[in-house]
Amino acid sequence: MAKVVIIGAGVSGHTAVSFLRKNLSKQHEVVMISPNSNYQWIPSNIWIGVGRMTEKHTIFPLAPLYKKKKITFIQAKVTTFHPEGDNEINKGFVKAEFVTGNKKGQTIKVDYDYLINATGPKLNFEATEGLLPGTNKVVSVCTYDHALHAWKELDALIQRMRKGEHVKILIGTGHAKATCQGAAFEYILNVESELSRHKVRDKATITWISNEYELGDFGIDNMTMKWGRKLMTGKELGEMVFENQGVKHIKRAGVYKVEDGKAYYETLEGEYKEEEFDFGMLIPSFSGHGFKAFDKEGTDITDKLFKGFMIVDADYTPKPYEEWSVQDWPETYQNPSYKNIFAPGIAFAPPHTISKPRYSPNGTAIFPSPPRTGMPSGITARLVADNISDMINTGTDNITHLGSMGNMGAACIASTGYGILRGGGVSITTYPIVPDYEKYPETGRNLKHTIGRVGLAGHWIKLSLHYAFIWKAKMKPFWWLIPE
Amino acid sequence: MAIKPTKFQHFLMRNPIMQFFTYIYLNIKILKIVRIGHDGTRNKK
């Protein structure tokens, strides 16, 4: 009998736990450790943030589902990793602290045969002074409760606009190395669309602020895509969409401080500027959770497991941008020191960024971190779950499923407005995610599979995916047929 | 200078009938991406 422990019930962790339970017979134990009581479908948070959905559409409680599916659920927060065990337990374990109920505050040791670290990122609001949601007129849509608060603030702003007040809205990235530009891109366009629906669009100046070198970089070093019979770059796409919806933009900006209604940023040219706003949504930087790891004797071995995020089979040798290759990217998500530990999704430490690193004359790094959210999160979680299941079922250590982001496609559907007939979306498919200039020397990507479209169909796709992925997450009949 | 969609392109982007066909096209494109699957890169160097 084997015991597989998964940490984190987000997109990646929940996908992994679902497939492990499906693939493994009931004699094997599957354990989920998560401090959260609910599963949340994060991509729909932007619709909560504009009042078009409520949390009941995007979340559901995990405990009843896990009980029904015979998955052990421990609602606790992991604090330390002990991959060699200690003098009491002769196998790897993690220490976790209960966050709710009678045992709140107590710690538990959870041993494992295989461990999946799918903790996702820590939303590092503290890295930018004054960025905490609910302060200084800034909100967030990173979690459903943040998004609910964002809608409350936006609704109040709309009421002020109805009385004739002109307001400034600032949306984008809140740190020089933030990622997840896609979520901010969706939110700014949805806010714009909602203001039009409420007939107050003329009362707002909407500005995009981002650490991208060019619009449409999205942390994947821009992309050239097929647009009908023509080719279009992400930059052209971004400019077209913003022009069409009357959104101003500031790019190459590293926000470093927020005060009441004022964002301070440094430009790539080294200038220090500021932008005023009445409503701001600035994505924070992501960081690891600061976990510590110890060996059997209690010696700190954090460096063997973590490099901010978890160390996996990537090539972490520092090298210049010109020498980066797809081979640097991990393909098994297995920790090289402890082969029974894996980290799919956002939890793995990337070898480097995907976008070209750029520094201001003051030495400030201003460029996006690499995104690993959405489709790659689900795909990497599934392949890790399949590998572990195979290892348990066959009794071997062979890794048979590989999935590098340099040999993996993704679909990115960005909502630009909600509504069956009034909605819109930017639909992009890209292959591969990390550009491979050896295979595709011109653009780094296969143009047959890297395409873009703008229009109402994008909204329908995003809405279809919302319902499909909630179905899948609830493990309803035939859920496994829905791809990641 | 940003690319500006023509009035006809705007019409196509908003027209539910045309967009229905785009919806089918995009779903096929997404399924193709899924069908290609994923693999490693190192053994193919």
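All figures in this text were calculated on a predicted structure; none of them were measured in a lab. Below, read A as the first sequence line, B as the second, and so on, with proteins coming before strands; counting in each chain starts at 1.
Residue contact with chain B, scored on non-hydrogen atoms closer than 4.5 Å, is absent for A:D436. Neither the backbone nor the side chain of A:L215 comes within contact range of chain B; no heavy atoms are under 4.5 Å apart. In this structure, chain A has no heavy atom under 4.5 Å from any part of B:F21. For chain B, no part of A:M405 is nearby; none of its heavy atoms comes within less than 4.5 Å. Using a 4.5 Å cut-off between heavy atoms, A:I420 does not touch chain B at all. Interface remark: A:I461 contributes backbone and side-chain atoms alike to the contact with chain B (heavy atom separation under 4.5 Å). For chain B, no part of A:T332 is nearby; none of its heavy atoms comes within less than 4.5 Å.
Expressed to the nearest 0.5 Å, how far CG of A:L402 lies from NE2 of B:H38 amounts to 9.5 Å. The OG1 atom of B:T41 lies 4.5 Å from the CD atom of A:Q327; values are rounded to the nearest 0.5 Å. We find the CG-CE distance between A:L456 and B:M18 to be 12.5 Å, quoted to the nearest 0.5 Å. Atom CD1 in B:I30 sits 13.5 Å away from atom NE2 in A:H449 (nearest 0.5 Å). Separation of atoms CH2 (A:W460) and CD1 (B:I24) is listed at 9.5 Å; rounding is to 0.5 Å. Put simply, CG on B:L26 and CD1 on A:I451 are 5.0 Å apart, with the number rounded to the nearest 0.5 Å.
The residue among A:R422, A:E484, A:K235 with the most heavy atom pairs within less than 4.5 Å of chain B is A:R422. Of the listed residues (A:G423, A:P432, A:G238), the greatest number of heavy-atom pairs within a distance under 4.5 Å of chain B belongs to A:G423. The residue among B:T22, B:I36, B:L31 with the most heavy atom pairs within less than 4.5 Å of chain A is B:I36.
Within the 4.5 Å cutoff, no side-chain heavy atoms of B:I33 are placed close to those of A:M408.
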Check your understanding: So B:V34 and A:M375, side chain to side chain contact (heavy atoms under 4.5 Å, CB included) or not? Walk me through it.
Key -> CA-CA 10 Å; B:V34 171; A:M375 205 162 165; 3.9 Å; yes
Practice item. Evaluate the side chain to side chain contact (heavy atoms under 4.5 Å, CB included) criterion for residues A:Y431 and B:K32: first the C-alpha distance (whole Å), next the side-chain angles of each, then the deciding distance (0.1 Å), finally the verdict. Key: CA-CA 10 Å; A:Y431 186 90; B:K32 272 189 179 170; over 6 Å; no
Check your understanding: Do B:Q9 and A:V454 pass the side chain to side chain contact (heavy atoms under 4.5 Å, CB included) test, and can you show the C-alpha distance, the side-chain angles, and the key distance before you say yes or no?
Key -> CA-CA 10 Å; B:Q9 283 171 323; A:V454 175; over 6 Å; no
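There is no side-chain donor-acceptor pair under 3.5 Å between A:H401 and B:D39.
Salt-bridge formation is detected for the pair B:R42/A:D313: a Lys NZ or Arg NE/NH1/NH2 atom is positioned less than 4.0 Å from an Asp or Glu carboxylate oxygen.
Within 6.0 Å of CG in A:L481 there are more than 12 heavy atoms belonging to other residues, nucleotides or ligands. At most 12 heavy atoms of other shown residues, nucleotides or ligands fall within 6.0 angstrom of atom NZ in B:K4.
Nearest heavy atoms, A:L421 versus B:P16: CD2-CG, 3.8 Å.
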